[in-house]
Amino acid sequence: MLSFATPWVIGAAMAAAALVGVLHLLSVRRPTALLLPTTRFVPGGEARAVARQPRPNDLLLLALRVAALLCAGMALAGVRWTSTQHATVRLVVAEPRQQRDSARWMTSPMADRVDFVWQDHLVDDPGIALVAATRAAAARAQREAGIERFALTVVLPPSARSLQGWDAWRSSWPGPVDVQSSDTLRTPRETWAPPPVFVQSGGRPDDVVAAAFADAPPATVDDPAQQHVVRIDRGRDVDTVSPSPSVMTNVVVHWPQDGRPDGWEARTPPDTVGALVAMGQALVGPWMRTARVPEAWRADSRLVPVAWWSDGEVAAVERAVEDGCVRDVAIAVPDGSDLLRSASAAGVRRALTAPCGGPTVSTGRLTADRARLADTVLAPASAFRVEARAARGTEPWWLGPVLLGVAMLLLVAEWIVRRGEASA
Amino acid sequence: MTTPASVYGPLLDALRGVRWPARRAVGAGPVGTHRSTQRGTAGEFTEYRLYRQGDDPRALDWKLLARSDRAFVRLSDDRALLNTWFVVDASASMAFPDEQNGAVSKWRMARHLAVGLAAVAHASSDPVGLLVAMGDGATRVPPRTRRGTVQELARVLDATACHGTAALAPLVAQLPTAARLVIVTDCLGDLDALLKVCAAQAVAGALIECVHVVAREELEPPAGVHLARDPEQVALERVLDSRGRGAYRDAFATFRRDVAQRWRAIGAGYTEVVTSVDAARAVRAVVMGISAPSAAEAR
């Protein structure tokens, strides 16, 4: 398929070629003058009539001139020769652990080609899939001018920690999104009840964290449903004491009072930040930060952030252990503060006391509109293509110099033919 | 620098010993080489005539009288000189073709013919004169027999540039009738008027010789399509292409035949000389009154 970066240039070249053709055919070629004293014996004839008789070389000259103009016009107009085999590309965004099931999405009646985009952490927020899809579509559209449309399929787990990112990024994809559910992950836990929380504050009766969770239900042995018990350790030298020898605490929260969990890097000097964010809620307060996540931990995919400072720094992380999970919390709550007891702190309290893996929401509503996909128009590739860049150069890159070289050769041939006529 | 000797030297060498007798008896005049119409007693014996009263008694052949007892007078032919005028056409058409491409123009051939014929006539002690007709007038050199006359004629011819339209008829009309008039022209000018004047001159006793110079390129124009233009009539333009070339050749050939007939009809000698012919051969052809051989025949 031929396309042009600047179509007006090829239009101008075609107009010029048409003009050359018209002038060529209408031109009155005047024969070469010859001084001949015996001209009176030459039979009379109209010079114009003689000139209008086309000769084979006339048509050859016309063809050479028109071809040279068109070749130069195509080169200057940025001609792009692209294969039409992959006008529609289906992007499939899925987590890398879904690779063994990738054959499921290879056949698609709506696309000529399927490209996979493997993206981690879709369980945290499916909105990451939209970002990855947008980035992948832009790269492919810029690289391949023949792509006309993109179809998007996102493979999501049945539940995710948050759908806020999906709602925020959904408008970035200018077309329908086919959301398919993977059946390998956890079941959603839409309903969540506050678990029993056991705070070990080292005998400090005025511990603000203990006070924040004072209304948590107590842990009991007889209720099998209350197998999820949260233990919060407020100090390093606190003895680990189970509320009951028979109660399992599968969530352990290390929440030192100075806000520096073991292994975290100390901030020197400590700085302040205005808000703490967790579960979509922001808790505004005069927060003092004394520690940060070590650089070596940032690449560890086993660490899952559960709370953030307002500048994006991680305030608390969760890591899975054999029989549960451990959460490190680098939040120093001022003594006597009632921040954790406010309504704004519900997100923080829930994030720190949620079951291992965090609370999730079902992705079912994202797949609900699959039936309407056939009636919608796929995302156009032009929405991802930067037009300014498309105006440069030819595709492939060597097509422009070749066309210009061919135009030069045609002009040389035209000169040779014209010179041969003149000498004849 | 080219001198007349270097340009015309080979031609003059080739014409050494060539004689150009008049085609008929010339009028009475100084003693020369041409047979005169005047009969006398000093020349070569030709016949006897009965003595008539009034004849010079010294012309009587006494021996014949003694033998035959009858009185006869010895008669002989006189020889006279013949003034030879060369009228050379120097109009613009004589400059064809352009000598820059190595071609021989009609003017160049005309110069060689005039110098060669003048040399032949001068060698017979005939006075030779020159009249060069150009667009803006004429150059005149009176007939002379002294040494250097031919060189002077050559210098005058070499200094002449062809231009304009030359009318030959008025110039020829001014020439004396008791002479040989050699007209070197391409017959593309005032031919009708010239023929009329020459006819009158011939009746009055002049010996007319026409040397018709034709360019080879006029016989065979270049191939291709050309816009032919007459150098003396700028407004006359005709397209010469492959289809018209045959008709052109036929028309030009018919013209040349007609010209030859008309010149001969008035009693003039006519010789057609093509520029491709060697000048010495052409001069001999004129002298002998035959057609100049073509280049193929010359080879």
Side-chain angles (χ1 to χ4, degrees), chain A residues 16-69 409-424, chain B residues 89 91-98 100-101 103 105-107 162 165 185-189 191 213-256 258-259 275:
Chain A
L19 182 62
V20 166
V22 169
L23 290 177
H24 187 96
L25 295 175
L26 292 180
S27 67
V28 177
R29 186 193 290 259
R30 198 166 175 79
T32 53
L34 172 68
L35 278 179
L36 186 66
T38 52
T39 299
R40 69 193 72 174
F41 305 112
V42 177
E46 183 62 42
R48 286 174 176 265
V50 172
R52 283 216 176 96
Q53 294 171 6
R55 300 178 291 174
N57 270 1
D58 289 348
L59 298 179
L60 177 61
L61 278 174
L62 176 62
L64 290 172
R65 289 166 185 166
V66 169
L69 270 174
L409 288 177
L410 290 171
L411 287 177
V412 170
E414 189 267 350
W415 176 76
I416 292 173
V417 172
R418 186 158 40 90
R419 189 181 174 194
E421 274 200 348
S423 61
Chain B
D89 183 0
S91 60
S93 62
M94 291 293 289
F96 179 82
D98 191 354
Q100 289 183 357
N101 298 328
S105 66
K106 290 187 287 185
W107 175 243
C162 299
T165 303
T185 178
D186 57 2
C187 297
L188 296 177
L191 179 64
V213 183
V214 177
R216 182 175 59 86
E217 288 76 3
E218 288 173 338
L219 295 174
E220 292 293 335
V225 180
H226 299 276
L227 187 64
R229 186 181 297 139
D230 194 322
E232 294 184 20
Q233 302 178 49
V234 181
L236 181 60
E237 290 182 340
R238 301 272 174 85
V239 175
L240 179 62
D241 56 4
S242 59
R243 287 184 303 178
R245 190 164 281 108
Y248 163 80
R249 286 200 205 99
D250 293 341
F252 191 38
T254 302
F255 164 76
R256 298 197 323 273
D258 179 62
V259 165
T275 54

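Reminder, nothing fancy here: chain letters follow the sequence lines and each chain counts from 1. FYI, side chains are in, hydrogens and waters are out, and symmetry mates aren't considered; it's all heavy atoms of this structure.
- A:Arg65 is linked by a salt bridge (charged side-chain N to carboxylate O under 4.0 Å, His left out) to A:Glu414, counting only residues two or more places apart in sequence or in another chain.
- Interatomic distance, OG1 of A:Thr38 versus CZ of B:Arg249, reported as 12.0 Å (0.5 Å rounding).
- Of the inter-residue distances, the one linking A:Thr39 atom OG1 with B:Gln233 atom CD reads 8.5 Å to the nearest 0.5 angstrom.
- By the neighbour-count criterion of 12 heavy atoms within 6.0 Å, atom CZ of B:Arg216 is sparsely surrounded, having that number or fewer from other residues, nucleotides or ligands.
- Between B:Phe252 atom CZ and A:Leu36 atom CG the span is 8.5 Å, to the nearest 0.5 Å.
- Remark: A:Arg40 engages B:Asp230 in a salt bridge (charged side-chain N to carboxylate O under 4.0 Å, His left out) (not counting sequence neighbours).
- Looking at every heavy atom in both residues, A:Leu35 comes nearest to B:Phe96 through O-CE1, 2.8 Å.
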